[in-house]
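No hydrogens, no waters, no symmetry mates; every other heavy atom, side chains included, goes into these values. Proteins come first, then strands; the chains are lettered A, B, ... in the order of their sequence lines, and each starts at number 1.
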Amino acid sequence: MAAYTSLKGIYPIGMVEEKTGLTSRQIRYYENMGLISPIRTQGKQRRYTEKDVIRLTRIKYLKDNGFDLKSIREKIELLEKSTKDLDLMINSGATQGRLTSLYPVSNRALLMKLLEKN
DNA sequence: CTTCTGACA
DNA sequence: TGTCAGAA
């Protein structure tokens, strides 16, 4: 029973199973399919970061809603790309003053939420 | 005890 | 996808 050593934000596959609701079998399978890339310890065990867990949670959500791995991979790709673009904009100071006119309506809500934190 | 890879009654 | 084996 749960004798994990998980501190510092990275978790072994067993804990990821509990956090995401996915089986270790599925998690490893998704890795082979290129949907996730956890780091490995010297003993070759997988270690998942908080971001990896979030990513897997999204994968499970899409999977539960009937999407095939191909569709899931595309959606995750788009989501992470837009998030990356947002960070770039925010950190480059491009949002000074005219935020609403610089970003598309579809992602404005997310952007505003991100800005509230800073 | 947990995780890893490979394989399939 | 589940599950079992054999090793780490």
Side-chain angles (χ1 to χ4, degrees):
Chain A
M1 303 173 167
Y4 312 117
T5 302
S6 64
L7 308 159
K8 52 190 178 340
I10 76 160
Y11 324 85
I13 200 166
M15 197 180 304
V16 177
E17 285 190 277
E18 303 182 333
K19 295 173 82 71
T20 67
L22 291 167
T23 64
S24 59
R25 178 76 171 73
Q26 295 176 302
I27 297 172
R28 291 173 182 134
Y29 178 63
Y30 298 155
E31 181 181 342
N32 294 323
M33 294 297 96
L35 274 65
I36 190 71
S37 299
I39 58 177
R40 300 287 189 125
T41 63
Q42 290 183 27
K44 295 187 178 180
Q45 283 193 23
R46 278 165 262 249
R47 285 296 127 90
Y48 301 82
T49 63
E50 199 60 65
K51 288 185 179 180
D52 288 330
V53 174
I54 291 174
R55 191 190 190 119
L56 285 168
T57 298
R58 283 203 266 261
I59 291 173
K60 174 176 169 52
Y61 173 74
L62 294 173
K63 169 194 162 51
D64 289 343
N65 281 296
F67 291 98
D68 54 54
L69 295 186
K70 177 176 175 295
S71 300
I72 294 177
R73 192 173 51 204
E74 299 176 336
K75 295 178 185 303
I76 296 294
E77 227 170 64
L78 286 176
L79 178 63
E80 298 187 345
K81 184 187 185 308
S82 52
T83 296
K84 183 179 181 182
D85 289 341
L86 284 176
D87 289 339
L88 194 60
M89 289 181 73
I90 295 174
N91 295 318
S92 66
T95 60
Q96 296 308 315
R98 44 187 168 172
L99 177 60
T100 56
S101 64
L102 288 174
Y103 215 73
V105 185
S106 61
N107 292 307
R108 190 169 298 159
L110 171 59
L111 179 55
M112 293 307 280
K113 184 172 297 182
L114 289 174
L115 291 175
E116 286 176 34
K117 295 183 178 179
N118 302 317

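Taking side-chain N and O atoms only, Q26(A) has a distance below 4.0 Å to OP1 or OP2 of dT1(C). At the phosphate of dT2(B), neither OP1 nor OP2 sits under 4.0 Å from any side-chain N or O atom of Y11(A). A close approach under 4.0 Å does not occur between any side-chain nitrogen or oxygen of K44(A) and OP1 or OP2 of dT2(B).
Of the charged side-chain nitrogens involved, at least one lies within less than 4.0 Å of a carboxylate oxygen, so that K70(A) and E74(A) count as a salt-bridged pair.
When rounded to the nearest whole Å, the span between CD1 of I13(A) and C1' of dC4(B) equals 9 Å. Summarising the geometry, the separation between CD1 on I27(A) and C1' on dG2(C) is reported as 14 Å, rounded to the nearest angstrom. In this entry the distance linking OH of Y48(A) with C1' of dC4(B) reads 11 Å, nearest Å. Following rounding to the nearest Å, K63(A) (NZ) and dT1(C) (C1') show an atom-to-atom distance of 9 Å. For the pair R28(A) CZ and dG2(C) C1', the interatomic distance rounds to 12 Å; values are reported in whole Å. As a whole-Å value, the separation of N32(A) CG from dC4(B) C1' is 12 Å. A straight line from CE of M15(A) to C1' of dC1(B) spans 14 Å, rounded to a whole angstrom. Atom CG of L69(A) and atom P of dT1(C) are 8 Å apart (whole Å).
In this structure, the side chains of V16(A) and L22(A) stay at 4.5 Å or more apart for every pair of heavy atoms.
Side chain of D85(A) to backbone of S82(A): no donor-acceptor contact under 3.5 angstrom is found.
The base-pairing partner of dT1(C), taking Watson-Crick or G-U wobble contacts with both distances under 3.5 Å, does not exist among the strands shown. Pair assignment for dG6(C): dC4(B), on the basis of Watson-Crick or G-U wobble contacts that are both within less than 3.5 Å.
As judged by a 4.0 angstrom heavy-atom cut-off over every strand, T23(A) is placed among residues touching the sugar-phosphate backbone only.
Across all non-hydrogen atoms, the minimal contact from I72(A) to I59(A) is CD1-O, 3.9 Å.
Hydrophobic clustering, with ILVMFWY side chains joined whenever heavy atoms are under 4.5 angstrom apart, groups Y29(A) together with Y61(A).
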